[in-house]
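Structure first, then comments.
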Amino acid sequence: MCLIMEAAADDNVVDGGGVLAAPSNFSMVEDGIYRSGFPKPENFGFLSTLNLRSIIYLCPEPYPEENLMFLDANNIKLFQFGIEGKTDPPTPMPKDTVLDALRVLVDVRNHPILIHCKAGKHRTGCLVGCLRKVQSWCLSSVLEEYQKNAGVKWRQRDLNFIEAFDTASLRQCLLSIMYRYHGYGFKRKRLVHEEENVQTPKPQATKV
């Protein structure tokens, strides 16, 4: 844990083999969920310490071959959701695509997971903001987190998208996923699959 938190502060970590450089704008969203800018080859050593199962990539451009080789070598699954990041003219966030990415994000079978776009600010920030709404964060805290990570380049249209995002769209997905409080350390929410914790009721005979 200390290793990751230090990386978020100064973008590099010292281990027994030398300095490990974290991707730009790297930080922990919560246990098992991370966010960053686009990983470069010099970041691969650091990413290896996270034991990632999956990466959510939010850009339409093809993933670089060297990054694909790293994923293959570490058995990391890539989920690509091609969201345009153009600002002139501005491209609206596609709700359905964000919803599809959110379904992958809340599935703990994909954790530990890294979310990234190019800078790790706008597209990544919108997805994390929608996750926070699913987690029932108050809207002011959701928008504050987005602005903190986007810095001076925050976008009003992103804030509008997050505010308008309807978490009821996830209802069908969340039928198979539930939140549970774990009592170790401090109480915190964790996504757990219904199939691990909820028994399906047996069908009842219907009287005619």
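Index from 1, following the sequence. Note: hydrogens, waters and symmetry copies are ignored here, and every other heavy atom, side chains too, is used. Quantities reported herein were computed from a predicted structural model and do not represent experimental measurements.
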Who are the salt bridge (charged side-chain N to carboxylate O under 4.0 Å, His left out) partners of [X], not counting sequence neighbours?
X    : answer
K118 : E61
R132 : E30, E145
E42  : none

Between [X] and [Y] (side chain of the first, backbone of the second, donor and acceptor by atom type, cut-off under 3.5 Å), is there such a pair?
X    : Y    : answer
N51  : P112 : no
H111 : S54  : no
K133 : I162 : yes
D107 : V104 : no
N25  : S36  : no
R35  : V128 : no

Rounded to the nearest 0.5 Å, how far apart are [atom1] of [X] and [atom2] of [Y]?
X    : Y    : atom1 : atom2 : answer
Q135 : S141 : CD    : OG    : 12.0 Å
E144 : C138 : CD    : SG    : 8.5 Å
I83  : Y57  : CD1   : OH    : 11.5 Å
D72  : L78  : CG    : CG    : 11.5 Å
Y146 : T124 : OH    : OG1   : 10.5 Å
T97  : F81  : OG1   : CZ    : 8.5 Å

Would you check if [X] and [Y] make a side-chain contact, meaning some heavy-atom pair closer than 4.5 Å?
X    : Y    : answer
C126 : L58  : no
N110 : I56  : no
Q147 : L159 : yes
S27  : N149 : yes

Work out which heavy atom in [X] is nearest to a heavy atom in [Y]; give both atom names and the distance.
X    : Y    : result
Q80  : C59  : NE2-O, 2.8 Å
V98  : C130 : CG1-SG, 4.0 Å
L131 : V29  : CD2-CG1, 4.1 Å

Where does the angle between the aromatic ring planes of F46 and F26 fall among parallel (under 30°), tilted (30 to 60°) and perpendicular (over 60°)?
perpendicular
Kindly assign one of parallel, tilted or perpendicular to the pair F165 and F161, based on the angle between their ring planes and the thresholds 30° and 60°.
tilted
How far apart are the C-alpha atoms of F38 and N67, what are their side-chain angles, what is the distance that settles it, and do they pass the side chain to side chain contact (heavy atoms under 4.5 Å, CB included) test?
CA-CA 10 Å; F38 204 107; N67 290 59; 3.6 Å; yes
Look at the side-chain heavy atoms of Ile, Leu, Val, Met, Phe, Trp and Tyr, link any pair under 4.5 Å apart, and say whether L50 and M69 land in one connected group.
no
Take H116 and R123, measure what side chain to side chain contact (heavy atoms under 4.5 Å, CB included) needs, and give me the verdict at the end.
CA-CA 8 Å; H116 79 82; R123 286 167 282 193; over 6 Å; no
Between W154 and K121, is a side chain to side chain contact (heavy atoms under 4.5 Å, CB included) present by the stated rule, with each step listed?
CA-CA 8 Å; W154 65 273; K121 296 180 178 181; over 6 Å; no
Give me the one residue out of I113, L52, L47 that meets side-chain contact (heavy atoms from CB on, under 4.5 Å) with I76.
L52
